[in-house]
Enquirer: 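One structure coming up, written as structure tokens, with questions to follow.
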Amino acid sequence: EVQLVESGGGSVQAGGSLRLSCTASGFNFDDSDMGWYRKAPGNECELVADIGSEGSPYYEDFVKGRFTISRDNAKRAMYLQMNTLKPEDTAVYYCAAVQNLAGSRNPLCPRSAYQYWGQGTQVTVSS
């Protein structure tokens, strides 16, 4: 059974930092691309950053220079270090794994080709 479990969310003031973690089981972690998505109330789900199986990162423009994605294959874990947080970063953050363009889509994020999703962790940034 595939499991993705996020942790590390919470409430911080603007300018603060949080580190999200995602631990994975039930699939070939080493060979899988992994991603962080977020969804705020009233907004569509959006990609925040993802990281290839070889460790190459990709960031959406709105987090470049503030967030850092990383992975530890030995621990089957992925991380998102979030610095200089802004109120507009407030959302539920989701860990996702294994891209398959021909696979089914998660109704939460129908534009994403990731197949496996965690339950999410809330991040709240106050001004």
Side-chain angles (χ1 to χ4, degrees):
E1 178 188 7
V2 172
Q3 283 195 324
L4 295 172
V5 180
E6 303 98 336
S7 61
S11 297
V12 295
Q13 290 192 325
S17 298
L18 286 172
R19 186 186 191 222
L20 305 184
S21 299
C22 171
T23 55
S25 62
F27 64 96
N28 187 346
F29 184 89
D30 290 7
D31 291 340
S32 175
D33 296 340
M34 302 283 295
W36 287 102
Y37 283 76
R38 70 186 186 186
K39 189 176 188 313
N43 290 358
E44 289 189 358
C45 178
E46 59 185 358
L47 174 67
V48 175
D50 64 10
I51 186 164
S53 58
E54 74 287 359
S56 56
Y58 168 82
Y59 300 97
E60 290 292 342
D61 286 345
F62 54 79
V63 300
K64 281 183 180 177
R66 300 190 298 126
F67 291 10
T68 303
I69 190 171
S70 60
R71 63 190 294 162
D72 184 336
N73 288 355
K75 295 182 178 180
R76 299 180 61 86
M78 177 179 65
Y79 308 99
L80 187 68
Q81 177 66 43
M82 306 187 295
N83 297 329
T84 319
L85 282 160
K86 304 176 181 180
E88 52 264 43
D89 294 318
T90 294
V92 178
Y93 284 69
Y94 297 91
C95 167
V98 185
Q99 293 199 74
N100 182 355
L101 293 176
S104 60
R105 299 300 173 100
N106 186 335
L108 176 72
C109 285
R111 291 188 295 172
S112 172
Y114 279 99
Q115 298 300 295
Y116 305 127
W117 295 78
Q119 292 300 304
T121 186
Q122 176 71 47
V123 171
T124 302
V125 185
S126 58
S127 57

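Worth saying up front: this structure is predicted, and the values here are computed from it rather than measured.
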Enquirer: How about W36 and E6: do any of their side-chain heavy atoms sit closer than 4.5 Å?
Expert: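 Contact flag for W36/E6 side chains = yes.
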Enquirer: List the steps, then state whether salt bridge (Lys or Arg N to Asp or Glu O under 4.0 Å) holds for K86 with D89.
Expert: CA-CA 5 Å; K86 304 176 181 180; D89 294 318; over 6 Å; no
Enquirer: Taking all heavy atoms of S17 and all of N83, pick out the closest pair and write down the distance.
Expert: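 Nearest heavy atoms, S17 then N83: OG-OD1, 2.9 Å.
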Enquirer: Inspect the contact between K39 and E44 and indicate whether a charged nitrogen and a carboxylate oxygen are less than 4.0 angstrom apart.
Expert: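 No salt bridge links E44 with K39.
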Enquirer: If the threshold is 4.0 Å, N to carboxylate O, is there a salt bridge linking D30 and R76?
Expert: no
Enquirer: Which class fits the ring pair Y94 and W117: parallel under 30°, tilted 30 to 60°, perpendicular over 60°?
Expert: perpendicular
Enquirer: Please check if atom CD in Q119 has more than 12 non-hydrogen atoms from other residues, nucleotides or ligands closer than 6.0 Å.
Expert: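 Open.
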Enquirer: Around R111, counting heavy atoms of other residues, nucleotides and ligands shown, do more than 12 lie under 6.0 Å from its CZ?
Expert: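 No, CZ of R111 has 12 or fewer neighbouring heavy atoms, counting only those of other groups under 6.0 Å.
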Enquirer: Quick check: closest heavy atoms across Y37 and S112, and the distance to 0.1 Å?
Expert: OH-OG, 2.9 Å
Enquirer: Check residues 47-54 and write down every donor-acceptor pair under 3.5 Å in which the side-chain atom is one partner and the other belongs to a residue at least two apart or another chain.
Expert:
| from | atom 1 | to | atom 2 | distance (Å) |
| --- | --- | --- | --- | --- |
| D50 | OD2 | Y114 | OH | 3.4 |
| E54 | OE2 | S56 | OG | 2.3 |

Enquirer: State whether Y79 and R19 meet the cation-pi test: NZ (Lys) or CZ (Arg) under 6.0 Å from the six-membered ring centroid, and within 45° of the perpendicular axis.
Expert: yes
Enquirer: Has R71 got its NZ or CZ under 6.0 Å from the middle of the six-membered ring of F29, at an angle within 45 degrees of the ring axis?
Expert: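 Yes, R71 sits over the ring of F29.
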